[in-house]
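This report concerns only the one structure given below.
Every heavy atom of this structure was used, including side-chain atoms; hydrogens, water molecules and symmetry mates were not.
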Amino acid sequence: MDKLPEQIDLLVIGSGAGGLSTAVTAALLGQKVLVVEKEPEYGGTTAWSGGWMWIPRNPLAIAAGISESIDAPLCYLRHELGARFDEAMARAFLENGPRMVEFFRSRSALRFIDGNSIPDFHGAAPGAASGGRSICAAPFDARRLGHHIAQLKPPLPETTLWGMGIASGAELKHFLNALRKPASFWHVSKLLVRYGRDLLLHRRGMRLVNGNALVAALAASAFEAGVEIRTDSPARRLIIEHDRVVGAVIGSAQGDIEIRARRAVVLACGGFPHDMARKKALLPHAPTGREHWSAASRGNTGDGLRLGESAGGTVTRDLVHAAALAPVSLVPRQNGSVAHFPHLIERAKPGLIAVTADGMRFTNEADSYHDFMQALLRAARPGAPIQAWLICDHAFIRRYGLGAVKPVPMPLGRMLGNGYLKRGKTLDSLARACAISASGLEKTIADYNRQAIIGRDDDFSKGESAYNRIQGDASAGNPNACMAPILRGPFYAVRVVAGSLGTFAGLQVNASAQVQDDAGRTIAGLYAAGNDMSSIMGGNYPGGGITLGPAMTFGFIAAHHCAGIDPC
């Protein structure tokens, strides 16, 4: 570090939604901003995500005539969070979330699409809504990034079709119906032709969707506002002078460099999903840290939490759950690596059940991924591996796919060959292939089929909630959008294990996103955003998008606060 230190206003460590939201907002408020990312690509877990944000009272909902007072989502959060409800944090989020959306909509490259028909996870709870609280990044033309597209993290390959991202919602339905409905075939054909043209001209798709679109739009906005995003630049340590964080030492190809931040340093490194020591300490089901397989970016190894602690920050240890739980399957890749595939979509489709080693169902498969995993943790026998099998028949897997296995016309051979997908001509042979109870599985499916025929799940109420039904498939013509008999072999199974979409436990902050010590005192010059900030949901999961919604909002809040500007 022979060179003079670099001087900026704001240093952001991490390049997911929380970090980029902070950086773009600060730059648009007139600050000189640098984003450093330790990975060779920017985007973090956000680039792999669905891109959905839970933002009650957002401008898109209001424009559609869905209007509610702040009291309704406050009531819902108060019920869902229980003892972990913090009114100051909840109000900061609910008041500033709509402002954040309008700020980015009017001043950046980011555009949104509404999720006005998407209900909260727990529709029977006080204050729950049947829609109007969700938004997503709109598809984004990556050509706007210019040469910066080369460093954008692509979507998780197993969630794409030949590398092309598929937007959730209506677009995904078109892909599932492409060989059944002419309109869907035409829609999909146009997208594939465009993707093929992009490959020829640009060597990658230029129409980005979901979380990839969110990162790309934020990054384009950052570059256009004068922000530098510096990849391959890990943060080594914070610089602390006179009880204030004044910068950080950052690694580079030329050696470590010192960067001074006049306003603040923001930690947004994505939490600790791949930090073995922190998983061991905070996840009871992972006593060695190795019993938990997160679908989050592999670069999220707890760097931000350790940096925050080095300055006196404290990581919350008493959340209901320290991670955003989700069932994950382990997908062997041809290069020898293993992908962690999150099961978010197919579990609610009609004709699938989940069973444990005794062949018995243990939960409503159509409930949220977080609720599914809680049920699996409860069902696990002491000392036994935490795992279950998703079971379906041939008609289901060809219609909807199963995990990383794509539906027709994609072949099944490779996934059968590498052992990811299990198959049996009979239920008995499938059970033997999975090492589960054949008698238990046969009895379970017989009981399930009797209920599926009449469309009522007397065991777990599958298909009764609004969230279940929207995740199901009413067009299949069954009495229950989430149930259909499992009738004809061959039958198939994929094993799921304990996993997550990311982590909840992070640095304790106040309503301005300033990091606090264990006595509640703010640490001057230090903020946290995204999953480096302890989740305002207290380890609960009340709705889809409760990670990215607060990440974007508190990044927006942090940027205003360190600039000394009121976001109102």
Give a yes or no on whether the backbone of [Y] and the side-chain of [X] come within a donor-acceptor separation of less than 3.5 Å.
X	Y	value
Asn468	Ala366	yes
Asn449	Ile486	yes
Thr426	Ser429	yes
Tyr76	Pro542	yes
His340	Ser294	yes
Asp473	Ser475	yes
Asp457	Lys462	yes

Centroid-centroid distance, [X] to [Y], less than 6.0 Å:
X	Y	answer
Phe362	Phe372	yes
Phe272	Phe504	no
His343	Phe341	yes
His79	His122	no
His394	Phe491	no

Mutual orientation of the aromatic rings belonging to [X] and [Y] [parallel < 30°, tilted 30-60°, perpendicular > 60°]:
X	Y	result
Tyr400	Phe396	tilted
His321	His370	perpendicular
His292	His285	tilted

Check: Asn300/Thr45 side-chain N/O donor and acceptor closer than 3.5 Å: yes
Trp48 side chain to Asn212 side chain, donor-acceptor N/O pair below 3.5 angstrom: no
Test side-chain contact (heavy atoms from CB on, under 4.5 Å) on Met415 and Lys406 and set out the steps. CA-CA 10 Å; Met415 292 300 192; Lys406 302 293 193 298; over 6 Å; no
Using side-chain contact (heavy atoms from CB on, under 4.5 Å), reason through Asp371 and Tyr541 one step at a time and then give a plain yes or no. CA-CA 8 Å; Asp371 291 346; Tyr541 215 128; 5.8 Å; no
Arg204/Leu152 under side-chain contact (heavy atoms from CB on, under 4.5 Å): CA gap, chis, key distance, verdict: CA-CA 11 Å; Arg204 67 179 295 165; Leu152 172 66; 4.1 Å; yes
For the OG atom of Ser535 and the CD1 atom of Ile546, what is their distance to the nearest 0.5 Å?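 Output value for this atom pair is 5.0 Å.
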